[in-house]
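See below for the structure under consideration.
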Amino acid sequence: MADLTSLTISEALPLLQKREISALELTEAHLARIAALDPHIGAFLTVTAEPARAAAAQADARRAAGDQRPLLGMPIALKDVLSTKGVETTCGSRILKGYRPLFDATAVARLQAAGAISLGKLNMDEFAMGSSTENSGFFPTRNPWNLQHVPGGSSGGSAAAVAAGMALATLGSDTGGSIRQPAAFCGVSALKPSYGRVSRHGLIAYGSSLDQAGPFARSVEDLAYVLQAIAGQDPLDATSSPAPVPDYRARLGAGISGLRIGLPTEYFAEGIQPQVRAAVKAAVAQMQALGADVQAVSFAHADYCLPAYYIIAMAEASANLARYDGLRFGARVDGADLIDSYKKTRGAGFGAEVKRRIMLGTYTLSAGYYDAYYGKAQAARALIREDFAAIFQQVDALVAPVAPSTAFKFGEVTGDPLRMILADELTISANLAGLCGLSLPCGFDDAGLPIGLQVLAAPFREARLLQIGAAYQAATDWHLRQPALAGGN
Ligand code: GLN
């Protein structure tokens with residue numbers, strides 16, 4: 001039998017249905033793989049082995065009783081930005097050490113209700129601020145394709161866990177690329193849903209107008225299974241959309257003949273690593289061969305994206321992170337009085353990048369600067385949204401690289417916050433405009449590191465993205481490649 005940790009959800013499903021394997025065996029195989037490999041990779045902050053075993057046994061009993069839900073008994077894992085009832089949730093920060101939420105995030109509760117089994121919580125950049133997972137308050141996660149390289153971020157643990165066969169699927173969050181970029185760096189498939197598609201209730205806030213949770217998996221079809229379970233309006237999140245949730249698997253076999261695909265000229269400009277550009281261009285040629293109508297489009301305000309994003313994200317972060325005062329959540333350092341306690345707790349609990357962003361965000365929101373920075377950034381955001389509304393009149397989807405380069409080495413970009421920020425230039429527009437975006441493996445560079453293809457569509461067009469992704473994956477096998485990991489199997 002195939003190694004249980006290299007299956008996709010769609011491959012595991014018939015095996016579970018025919019009782020060739022049990023959910024308990026599937027779970028044990030993943031727990032064993034985590035025990036063998038994670039000491040080298042560092043994807044997990046918490047492994048919940050015993051609750052996972054109990055849930056797996058229960059899933060087997062349910063399946064035996066006729067329950068056919070597709071995710072029943074599938075081992076998954078969750079970025080530590082998602083609140084989990086009774087299970088430590090740190091958001092990658094020392095300030096939340098010991099925090100055990102009293103409730104589950106809605107996305108988590110929905111996955112559980114669909115029968116999925118959580119193996120634990122995944123490492124990330126502190127409060128989702130970063131692009132390499134080097135900003136984790138605990139330890140960095142390593143890229144399963146080459147342990148000297150970063151897995152990307154901020155959902156580095158979510159991407160690395162799937163790439164290394166430590167979970168069939170994971171959830172991450174994307175405020176400015178944090179699902180798509182680590183998926184590209186680790187050679188897995190992932191989806192950032194449209195703003196409002198998945199409830200943010202219990203998703204610890206970074207930039208509330210930008211944040212979305214979404215799935216990582218080994219195939220587009222698997223992403224569809226997970227998205228189906230987590231999407232939809234939630235009374236606990238007023239920004240969640242009432243738009244009906246379609247059947248995300250319905251169009252996976254529909255092909256892409258006649259679909260109009262746009263290539264944003266600005267996203268193929270200088271600064272893109274030549275091998276990344278070549279792989280993405282080859283993917284575009286593949287789509288053309290499948291019948292897509294490819295045309296160049298221009299994105300007039302592309303240059304506004306980085307400054308607008310970083311002003312808005314930091315401003316929202318400075319407000320969202322004000323609640324970590326040592327009184328209500330996590331760790332506390334006692335001081336001489338209340339104010340001293342706040343200062344000591346925040347001084348000790350937050351890392352350097354988080355502090356930098358709180359200060360910059362507070363500055364751009366302060367009286368006298370608000371109009372010049374925050375107000376201007378919001379105006380730029382409106383222009384960016386209009387650009388995309390016009391573009392999506394012309395084309396059904398956009399194709400671009402996910403990131404300008406493949407995974408960099410530890411420390412290579414860390415000391416240079418500006419360079420780290422520039423690496424987000426191809427992903428943040430989707431968050432500013434509320435678009436949905438897919439990240440798909442589309443090749444490797446000379447060093448054997450994966451390259452990611454980004455597909456973007458208008459808000460709530462996830463079904464179309466998945467249709468395009470499934471057609472691409474039916475014609476290619478990049479998504480099936482797996483890293484050779486010593487100590488695995
Ligand atoms: N790298 C970006 C940032 O640091 C994106 C992070 C994210 O999407 N959470 O803000």
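Counting starts at 1 for both ligands and their atoms, in listed order.
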Out of all atoms in ligand 1, which are within 4.0 Å of some heavy atom of [X]? Include the element for each.
X      : answer
Ala128 : 6 (C), 7 (C), 9 (N)
Met129 : 4 (O)
Ser154 : 9 (N)

Is a side-chain donor-acceptor pair under 3.5 Å present for [Y] with [X]?
X      : Y      : value
Thr406 : Gln275 : no
Arg200 : Tyr195 : yes
Thr170 : Lys79  : no
Tyr324 : Ser93  : no

* To do: Looking only at distances, please establish whether an N/O atom of ligand 1 is found under 3.5 Å from an N/O atom of Gly176.
  => yes
* Purely on distance, is any nitrogen or oxygen of Ser173 under 3.5 Å from one on ligand 1? -> no
* Asked: Can you tell which part of Thr175 has a heavy atom less than 4.0 Å from ligand 1: side chain, backbone, both or neither?
  -> both
* OH (Tyr373) with more than 12 external heavy atoms under 6.0 Å -> no
* Atom OH of Tyr369: over 12 foreign heavy atoms under 6.0 Å -> no
* **Nearest-neighbour protein heavy atom for atom 2 (C) of ligand 1, which is reported as residue plus atom name and distance** => Asp424 OD2, 3.1 Å
* In the protein, what heavy atom is nearest to atom 7 (C) of ligand 1, and what distance, to one decimal place, separates them? -> Ser178 OG, 2.3 Å
* To do: Return yes when Ala313 approaches ligand 1 closer than 4.0 angstrom through a heavy atom, no otherwise.
  => no
* So is Arg357 close enough to ligand 1, meaning a heavy atom under 4.0 angstrom away? -> yes
* Counting heavy atoms only, which of Tyr310, Phe127, Tyr309, Tyr206 is nearest atom 5 (C) of ligand 1? -> Tyr309
* Partners meeting ring pair (Phe, Tyr, Trp, His ring centres under 6.0 Å) with Tyr304 (sequence neighbours left out) -> His301
* Test item: Ser131 side-chain N/O and Ser154 main-chain N/O as donor-acceptor pair under 3.5 Å -> no
